[in-house]
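Remarks on the structure that follows.
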Amino acid sequence: MIYSEKVMDHFTNPRNVGEIQDANGVGEVGNPKCGDIMKIYLKVEDNIIKDVKFKTFGCGSAIASSSMATELIKGKTVEEAWELTNKAVAEALDGLPPVKMHCSVLAEQAIHKAINDYRKGEGLELWDYEEKDAHEHEHGEE
Amino acid sequence: MIYSEKVMDHFTNPRNVGEIQDANGVGEVGNPKCGDIMKIYLKVEDNIIKDVKFKTFGCGSAIASSSMATELIKGKTVEEAWELTNKAVAEALDGLPPVKMHCSVLAEQAIHKAINDYRKGEGLELWDYEEKDAHEHEHGEE
Amino acid sequence: MENNKRIYMDYAATTYTKPEVLEEMIPYFTQEFGNPSSIYSLSRGTKKAIDLARERVAKVINCEPAEVFFTGGGSEADNWALKGIAFANKHRGNHIITTKIEHHAILHACEFLERNGFEVTYLPVDEEGKISIEDLKNAITDKTILVSIMYANNEIGTIQPIKEIGEICREKRIFFHTDAVQAVGHEKIDVKDMKIDLLSMAAHKFYGPKGVGVLYIRKGIRIDNLVHGGGQERGRRAGTENIAGIVGLGKAIELANENLEKEHERLSKLRDKLINGLLQVPYTRLNGPTGKDRLAGNVNVCFRFIEGESILLLLDAKGICASSGSACTSGSLNPSHVLLAIGLPHEIAHGSLRLTLGDRTTEEDVDYVLEVVPSVVQRLREMSPLWDD
Amino acid sequence: MENNKRIYMDYAATTYTKPEVLEEMIPYFTQEFGNPSSIYSLSRGTKKAIDLARERVAKVINCEPAEVFFTGGGSEADNWALKGIAFANKHRGNHIITTKIEHHAILHACEFLERNGFEVTYLPVDEEGKISIEDLKNAITDKTILVSIMYANNEIGTIQPIKEIGEICREKRIFFHTDAVQAVGHEKIDVKDMKIDLLSMAAHKFYGPKGVGVLYIRKGIRIDNLVHGGGQERGRRAGTENIAGIVGLGKAIELANENLEKEHERLSKLRDKLINGLLQVPYTRLNGPTGKDRLAGNVNVCFRFIEGESILLLLDAKGICASSGSACTSGSLNPSHVLLAIGLPHEIAHGSLRLTLGDRTTEEDVDYVLEVVPSVVQRLREMSPLWDD
Ligand SMILES: Cc1ncc(COP(=O)(O)O)c(C=O)c1O
Ligand SMILES: Cc1ncc(COP(=O)(O)O)c(C=O)c1O
Ligand code: FES
Ligand code: FES
């Protein structure tokens, strides 16, 4: 198996799958190369992420990253959630294979997008973020 | 083993090894490429090959060919001995590998040379023979 | 692992080595190990063993034993055919024709040749994966020296009209190579009748060992070595012979051939049952042709809205070993070049599942897979943002 | 066969596979056969097994596991090193330096490159088979991209000053490849310390299976594939992995290394006894150096006035397996290029005998050989027209 047990656990029993009907922040991102898509739904109350759900079309690593990322931001403040990096997601999963690091980037980006969607809805100014190259570590082949 | 049992028999127990002190026909030939050398001694009486011996520096096939060729001409007339071909030697040995056919050519040539040496000693005219290319079938590699 | 079942449905990736094959190999490791190029009697046995293997191969594909050359596998055979013909015949021309759905061993060898002065035409295929004979004829120029078209595709099982191709090439005096790695041992092949000049095979696709293959080279064909060196394989493929491997290949091809027709029929039935069952899942399509134009053991379908790797992982948890057209798992993110070539859009090509059947596959296995797959697909679709039922 | 003794003294041609090695290989044929590129858990074991083998190799030659690439044998590794470096670096230059005494895998690969636009300098050697460092320095031009010099010669056992060569090449920023097929498992090798960039080995020279080898490629070196295709070996050597073979290579190199020093000492002693005994035969010369500059298991002598193949045949009849510098037996009539390179005239080079010792060689074997050889030589000399005593 190329994946850690943690990854397999989050992949086979993903947490927070689904949609939030009355979400007040939604972010969808796609990886243009592999074609995978991730969608995050946030329910923010009093600047706290009260609920979060995801839908992902993608590989095992993408699904596990969605599951872990949603777990990591649930109950956190919006500022804390904003700070979540793909590296932190990968670490919490006990690591991802180098070719699969970019899948965790999807999670980071989807959360950023969802938070800004929430901020937009609230009339707040959008936060800046650098688009990470989701393909930094793409090739195992040399 | 690349050789037939017949070859191995004539190689390990070669017939007619040695020199004839009072030979009246001697022929020595060499294969310029592999460097092997064969020397045939004839004792001809009344146009009959009374005795024949050889010395060979060469591979198993060369030694076996010498042994077989000398056996085949012993007791024959000079004319009959002249007719001996390398093919006949090889057949009598139950065949030789293609890369080793040229070794039997040495035997044919050495006998021709020895016979002409005898004819010269007798004041007879030399017989013509075509020099066969000892390397016709040299390469197993393509 | 949720239970202890293990159902191997990836025979096209590699097969186990049959016990009878392994048994015949064993003595050549520890006892009969003499270098076949040696003169002493210890090597008599190894020489004979290699001759026998060569004869067995020759018999199955209907060529001369002297036209059989052992290699280190299917990829080496493919690389040898392409580069060997190209370099040895560049005085005659620099054009090669192949297809868009070849194995990477062919495609990447072609790219190497393109970087080194050759031109390559990649023929398109129709939606079932077949080339058009017209396209082939039109692609031929007076610089064409080689046509390389695979016998049967490893992903979607499409069998090409090999004999027709062979006849065209022979007539135009162009060498014809076919990558028959997926076909040997499974389809009846006659290189004489089909006018094949070069053919690649790999033992581990027909219950032989890995790391050994064959390139058949028709007598009189001008080809450079890929591996230069000692005089092994009549000077054409250097390297101390992998005797045990060669013995294994010989035994395996003989066994496969003995049972070929019966097994072909058995597998075709299981295949069709599996295909029909899978097509019951909504939004599912079959990739590749049906019937005799398809490898008997090959099933390849796309489930819309979900992704291949995650299907494989969930199937693995249920004990099912399968593979996907998506090469995601092997380090590249691009969807299968074969599925794209038959016209699938990226996101559909992405959800492909290949199940390949072999000699231990039973009807119960097929039933089990048909029980598991729909629920796995359903589960992933429920997670998918593209799915909306 | 005149008796039932069988004494194998051709370990340099090939070794048997050690039973412990075979044992470790067996499960990978029938049970652990999953394609390591697959995602399912069946292939977990094969992936691990390959990683372990890679680590074992890395440890023995002191490189990183990621610098170890498995091949189909020593010849493939040699061809890959030469052609791969040449094609990938032709923009930097087209000049290669090697020696006159390389294995044919190197020499014939060089000839292929010469036919395709490269220039090759073949360094001469002295009468012991050693190159001169001065010659090497003088041969280097600003077009030189690769130096390939064998670690130890397969015929006469000469070990080259590898570290010195490595330092020169590193300083001049020229890649340095060494064919260490005869050295690995027998000599202590440290690619870092010796500044080796590429190194070839073959498992069947150190009690592993045939048909599997390694090319070590230092990180960051630009090299083309020899076998293009799938992503195996990090995209550098395509082809489904010969798992059993790779496992065997890993086990064999580990075993060889554990026992290296003791076995080196033991064999050196037997070798020297054998050499001294053979030199008692009149008109006999030793080919290659003495002492530490010679492979521990290598003996090579020339008996004047007689020919190699006939010596081998008579020795075989006495149960002794040996080989000769004369390649007569393998289809070519030319005497060994190595013996000619050290300055022997044709007819002397013709009477060479190579005896190579290995782990089953005992002192009794040496004694027996010393008993048999003089009588065989005598017998052949008596048949020889060149001998006159
Ligand atoms: C020095 C040397 N290089 C290369 C080779 C080729 O190795 P293989 O026969 O395993 O391809 C050999 C042995 O045959 C050798 O002794
Ligand atoms: C059609 C085809 N060609 C070539 C190959 C390469 O064979 P191998 O992996 O044995 O080198 C394969 C299998 O991997 C294949 O399916
Ligand atoms: S998200 Fe596309 S490969 Fe993982
Ligand atoms: S006579 Fe020279 S090889 Fe036989």
Side-chain angles (χ1 to χ4, degrees), chain C residues 1 6 8 10 13-17 19 22 29-30 33-35 37-42 72-76 78-79 87 103-105 108-109 112 116 202 204 209-212 224-231 238-245 309 312-313 316 321-323 329-332, chain D residues 1 6 8 10 13-17 19 22 29-30 33-35 37-42 72-76 78-79 87 103-105 108-109 112 116 202 204 209-212 224-231 238-245 309 312-313 316 321-323 329-332:
Chain C
M1 187 110 347
R6 174 164 289 176
Y8 186 71
D10 203 15
T14 192
T15 64
Y16 67 95
T17 302
L22 179 58
F29 287 107
T30 47
F33 65 92
N35 194 315
S37 306
S38 307
I39 194 166
Y40 37 76
S41 33
L42 176 62
S75 300
E76 185 193 319
D78 282 347
N79 274 263
F87 281 108
H103 189 268
H104 282 128
H108 291 335
F112 168 81
N116 286 281
H204 73 102
K210 302 186 213 306
V212 59
D224 261 353
N225 281 16
L226 182 70
V227 181
H228 288 90
T240 303
E241 294 88 341
N242 175 4
I243 307 164
E309 191 204 89
L312 298 188
L313 289 170
D316 184 41
C321 303
S323 75
T329 55
S330 57
S332 152
Chain D
M1 187 111 346
R6 175 165 287 176
Y8 186 70
D10 204 14
T14 192
T15 63
Y16 67 95
T17 302
L22 179 58
F29 287 106
T30 46
F33 64 91
N35 195 318
S37 307
S38 306
I39 195 166
Y40 37 77
S41 35
L42 177 61
S75 300
E76 185 193 318
D78 282 345
N79 275 264
F87 282 108
H103 190 269
H104 282 129
H108 291 335
F112 168 81
N116 286 282
H204 73 101
K210 301 187 213 306
V212 59
D224 261 355
N225 281 16
L226 183 70
V227 181
H228 288 91
T240 303
E241 293 90 341
N242 175 3
I243 306 164
E309 190 204 87
L312 298 188
L313 289 170
D316 184 39
C321 303
S323 76
T329 54
S330 56
S332 152

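Each chain gets a letter, A, B and so on, in the order its sequence line appears, and its residues count up from 1.
Interface residue A322(D): only backbone heavy atoms are found under 4.5 Å from chain C. Only the side chain of N79(D) comes within contact range of chain C, with heavy atoms under 4.5 Å apart. With a 4.5 angstrom heavy-atom cutoff, L22(C) touches chain D only via side-chain atoms. Looking at A238(D), both its backbone and its side chain come within 4.5 Å of chain C, counting heavy atoms on both sides.
The nearest pair of heavy atoms linking G239(D) to S75(C) is CA-OG, 3.3 Å. Pairing each heavy atom of T14(D) with each of G34(C), the nearest pair is CG2-C, 4.3 Å. Contact record, V227(D) with E76(C): CG1-N, 3.9 Å, taken as the closest heavy-atom pair. The nearest pair of heavy atoms linking S38(C) to D10(D) is OG-OD2, 3.7 Å.
Counting heavy atoms from C-beta on, the side chains of L313(D) and I39(C) come closer than 4.5 Å. A heavy-atom distance below 4.5 Å is not found between the side chains of N225(D) and F112(C).
With rounding to the nearest 0.5 Å, the separation of CG in D78(C) from NE2 in H228(D) is 13.0 Å.
Per-residue counts of heavy-atom pairs under 4.5 Å with chain C were compared for N35(D), I243(D), T17(D); the largest is that of T17(D). By number of non-hydrogen pairs under 4.5 angstrom with chain C, the leading residue of N242(D), V212(D), T30(D) is N242(D). Contact count against chain C (heavy-atom pairs under 4.5 Å) is highest for A105(D) among G245(D), G72(D), P209(D), A105(D).
Aromatic ring pairs are classed by plane angle as parallel below 30°, tilted from 30° to 60° and perpendicular above 60°; the pair F87(D) and F87(C) is tilted.
Checked by atom type and distance alone, the side chain of K210(C) pairs as donor or acceptor with a backbone atom of F33(D) at under 3.5 Å.
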